[in-house]
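Comments concern the structure below.
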Amino acid sequence: MTLDLMAKLADSDPKIAELVEAEGRRQFEKIRLIPSENYVSRAVLEATGTVLTNKYSEGYAGRRYYEGQQLIDQVETLAIDRVKSLFGVEHVNVQPYSGSPANLAIYLAFLQPGDTVMGMALPMGGHLTHGWSVSATGKWFRSVQYEVVRETGRVDMDAVRELALKERPKLIFCGGTAIPRTIDFEAFASIAAEVDALLAADIAHIAGLVAGGAHPSPVGHAPVISTTTHKTLRGPRGAMLMSDADHAKALDRAVFPGLQGGPHNHTTAAIAVAAAEAATEEFKTYAHQIVANAKALADALNARGFSLVSGGTDNHLILVDLTSKDIAGKPAAKALDRAGIELNYNTVPYDTRKPFDPSGIRIGTPAVTTRGMAPEHMPQIAAWMDDAVEAAKKDDGDALDRIGAEVREFTKAFPIPGWSA
Ligand SMILES: *Cc1c(COP(=O)(O)O)cnc(C)c1O
């Protein structure tokens, strides 16, 4: 059944309401392992569905271009203050529409077109916006990319330093989308200092772990920090830029008027709600449980002969190279989805296959942990994954459907906010 706040939608637009309802059921019945996804709280859902969406607020609190900001200014200021205290930063901008525009704002604030940026290569676990060739950041800037070591699957900080000394980047990004190991912010900071580069930590994936004390914080090491709000942080779809006082003005000007128009005030409200939730003891427990679940899942997959990039995980994310299982990432991901286990196919470092049909899958535990799944449940999930991969290799659709039915039965014990069966 859908949220009661959808009663009107069901009446006025039954087609869309029906699709939303079906998506709610899909999210309830599947084991969702995409590491960038989560289930937000009922309060966050409600905040995103408010009248705040009706208001234009170009500018910043106290300096707006439209009248009627008496209450919006308070919402945005609350969001900023809560995030400042959550992460212990001097400056916060909650207006970026999403993670990619937030990163673009960093370039606009501190680089000129053609300047050199250094980031982790996309196939190694970096993000498109860290200078990858198909992204605007790779087209408009000179980009140099660091990798992971083939044998260990980990970043070699000496190699990063060498590349930085040779290429003299003006901006260095650390962080990424498929990094199963702890990011050494301190080592990145010392390299940035040595070559006089600005260090930007992109903690989109791990922001919730940082907030909950389950991953070291970049604060004090990276003067500029970008993050999405909707991944482990468990807020609405959106992003934030955080910085020390020295970088505050340039970042604000880059977001508005540099890149964006009016902020999405309903999202800002939901960020405020999520930041308050993330400051609780409960959320600390959640963040640590994400990591405990990921370790348990990694152990169980290892025991079943799956090959994990870097051998395991320190955080919420596991990258699996399926070469040893004799199946490619895409057919495995499709079969697993049919079996009720949702994940994404992913390039693994030094992949010999093409990006659209790579060798790996990427999984993570933020969403299942929100539902209350615990380390004791992880061996069962690994067993289903193993069975589904074997079924896929035999093209055994019936076996996949049987697993899917078991998964549906299993997930009934783990409610999700905003939708009930
Ligand atoms: C998800 C992600 C982004 C981009 O976020 P979008 O909201 O999808 O634009 C940027 N950087 C990293 C490291 C991410 O994981």
Self-check item: Which atom of Phe283 lies closest to which atom of Ala211, heavy atoms considered
Solution: CE2-CB, 4.5 Å
Practice problem: Provide the closest heavy-atom pair for Ala222 versus Ala201 in the form atom of the first, atom of the second, distance. | Solution: CB-CB, 3.7 Å
Self-check item: Centroid-centroid under 6.0 Å between Phe173 and His130 rings
Solution: yes
Quiz item: Does Cys174 reach the side chain of Asp202, with side-chain heavy atoms less than 4.5 Å apart?
Solution: no
Quiz item: Should Asp314 and Lys295 be marked as a side chain to side chain contact (heavy atoms under 4.5 Å, CB included) after you check the CA-CA gap, both sets of side-chain angles, and the distance that decides it?
Solution: CA-CA 7 Å; Asp314 297 329; Lys295 281 196 196 311; 4.3 Å; yes
Self-check item: Side-chain donor/acceptor of Thr370 to backbone N/O of Pro366, under 3.5 Å
Solution: yes
Quiz item: Would Lys8 and Asp11 satisfy salt bridge (charged side-chain N to carboxylate O under 4.0 Å, His left out), going step by step from the backbone distance to the final call?
Solution: CA-CA 5 Å; Lys8 179 63 194 172; Asp11 188 42; 3.8 Å; yes
Self-check item: Between OG1 on residue Thr268 and NE2 on residue His264, distance to nearest 0.5 Å
Solution: 9.0 Å
Practice problem: May I have the step-by-step check of side chain to side chain contact (heavy atoms under 4.5 Å, CB included) for Lys30 and Asp337, ending in yes or no? | Solution: CA-CA 8 Å; Lys30 282 199 172 159; Asp337 190 58; 2.8 Å; yes
Practice problem: Please state whether the rings of Tyr107 and Phe141 are parallel, tilted or perpendicular, taking 30° and 60° as the class boundaries. | Solution: tilted
Quiz item: Can we call the ring centroids of Phe185 and Phe188 under 6.0 Å apart?
Solution: no
Exercise. For Tyr350 and Val148, work out which heavy atoms get closest and say how close.
Key: OH-O, 2.6 Å
Self-check item: 4.5 Å side-chain heavy-atom contact, His127 and Met120
Solution: no
Quiz item: Between Asp244 and Val224, does a side chain to side chain contact (heavy atoms under 4.5 Å, CB included) hold up when you go through it step by step?
Solution: CA-CA 7 Å; Asp244 58 15; Val224 171; 5.8 Å; no
Quiz item: Would you say the side-chain atoms of Ser135 and Thr137 include a donor-acceptor pair closer than 3.5 Å?
Solution: yes
Quiz prompt | salt bridge (charged side-chain N to carboxylate O under 4.0 Å, His left out) evaluation trace for Asp326 with Lys393 | solution = CA-CA 8 Å; Asp326 226 12; Lys393 278 154 59 174; 5.5 Å; no
Quiz item: Between the side chain of Asn265 and the main-chain N/O of Lys55, is any donor-acceptor distance below 3.5 Å?
Solution: yes
Quiz item: Between Thr313 (side chain) and Pro180 (backbone), is there a donor-acceptor pair under 3.5 Å?
Solution: yes
Quiz item: Can you tell if the side chain of Asn344 reaches within under 4.5 Å of the side chain of Ile363, non-hydrogen atoms only?
Solution: no
Exercise. Assess whether side chain to side chain donor-acceptor pair (under 3.5 Å) is satisfied between Ser143 and Gln145, documenting all intermediate values.
Key: CA-CA 7 Å; Ser143 166; Gln145 305 264 283; 3.1 Å; yes
Quiz item: Which value, rounded to the nearest 0.5 Å, describes the distance between Arg32 atom CZ and Ile416 atom CD1?
Solution: 7.5 Å
Practice problem: With rounding to the nearest 0.5 Å, note down the distance linking CG in Asn93 to CG in Asp252. | Solution: 4.5 Å
Practice problem: Kindly give the heavy-atom pair with the smallest separation between Pro123 and Trp132, and that separation in Å. | Solution: CD-CH2, 3.4 Å
Quiz item: Any side-chain heavy atom of Thr411 within less than 4.5 Å of one from Arg371?
Solution: yes
Practice problem: Begin with the C-alpha distance, continue with both residues' side-chain angles, and end with the deciding distance and a verdict on salt bridge (charged side-chain N to carboxylate O under 4.0 Å, His left out) for Glu90 and Lys84. | Solution: CA-CA 6 Å; Glu90 289 171 347; Lys84 272 188 190 169; over 6 Å; no
Exercise. To the nearest 0.5 angstrom, please state how far the OG atom of Ser310 sits from the CG atom of Leu319.
Key: 8.0 Å
Quiz prompt | Gap separating the CD1 atom of Ile172 from the CE atom of Met118, nearest 0.5 angstrom | solution = 4.5 Å
Quiz prompt | Qualifying residue, where the test is side chain to side chain contact (heavy atoms under 4.5 Å, CB included) with His230 and the options are Thr228, Thr227, Thr232 | solution = Thr228
Quiz item: Do you know which two heavy atoms are closest between Val368 and Met378, and how far apart they sit?
Solution: CG2-CE, 4.3 Å
Self-check item: pair Ile271-Met240: side-chain heavy atoms closer than 4.5 Å
Solution: yes
Quiz prompt | Flag for Glu406-Trp384: side-chain donor and acceptor within less than 3.5 Å | solution = yes
Self-check item: Donor-acceptor pair, side chain of Arg82 and main chain of Ala278, under 3.5 angstrom
Solution: no
Quiz prompt | side chain to side chain contact (heavy atoms under 4.5 Å, CB included) evaluation trace for Leu171 with Phe110 | solution = CA-CA 8 Å; Leu171 170 67; Phe110 305 111; 5.9 Å; no
Practice problem: May I ask you to decide if Val348's main-chain N or O and Asp351's side chain share a donor-acceptor pair within less than 3.5 Å? | Solution: yes
Exercise. Kindly assign one of parallel, tilted or perpendicular to the pair His205 and His316, based on the angle between their ring planes and the thresholds 30° and 60°.
Key: tilted
Quiz item: So, for His91 and His247, is the gap between ring centers shorter than 6.0 Å?
Solution: no
Quiz item: Does the Thr50 side chain pair with the main chain of Glu46, one donor and one acceptor, at a distance under 3.5 Å?
Solution: no
Self-check item: Polar side-chain atom of Ser41 near backbone of Val44 as donor-acceptor pair, under 3.5 Å
Solution: yes
Exercise. Step by step, work out the side chain to side chain donor-acceptor pair (under 3.5 Å) result for Gln95 and Glu76.
Key: CA-CA 9 Å; Gln95 294 192 4; Glu76 190 170 323; 2.9 Å; yes
Quiz item: Would you call Phe410 and Met373 a side-chain contact if the rule is heavy atoms closer than 4.5 Å?
Solution: yes
Quiz item: Hey, mind stepping through Asp321 and Ser359 against side chain to side chain donor-acceptor pair (under 3.5 Å) and telling me if it holds?
Solution: CA-CA 6 Å; Asp321 184 346; Ser359 300; 4.7 Å; no
Practice problem: For residues Val255 and Leu241, determine if any side-chain heavy atom of one lies less than 4.5 Å from a side-chain heavy atom of the other. | Solution: yes
Exercise. Determine whether Tyr97 and Leu259 make a side-chain contact, defined as any pair of heavy atoms from C-beta on separated by less than 4.5 Å.
Key: no
Quiz item: To the nearest 0.5 Å, what is the distance between CZ (Arg181) and OG1 (Thr152)?
Solution: 9.5 Å
Quiz item: Should Tyr286 and Thr369 be marked as a side chain to side chain donor-acceptor pair (under 3.5 Å) after you check the CA-CA gap, both sets of side-chain angles, and the distance that decides it?
Solution: CA-CA 7 Å; Tyr286 166 62; Thr369 306; 5.8 Å; no
Exercise. With salt bridge (charged side-chain N to carboxylate O under 4.0 Å, His left out) as the test, would you mind laying out the steps for Asp115 and Lys170 before giving the verdict?
Key: CA-CA 7 Å; Asp115 281 349; Lys170 206 165 164 187; 3.0 Å; yes
Practice problem: Would you please say whether a donor-acceptor pair under 3.5 Å links the side chains of Arg234 and Asn38? | Solution: no
Quiz item: How far apart are the closest heavy atoms of Gly305 and Ser324, and which atoms are they?
Solution: O-OG, 3.6 Å
Exercise. Please answer whether the main-chain N or O of Thr285 pairs with a side-chain N or O of His288 as donor and acceptor at a distance below 3.5 Å.
Key: no
Exercise. Classify the side-chain pair Asn103/Thr129 by whether it contains a donor and acceptor separated by less than 3.5 Å.
Key: yes
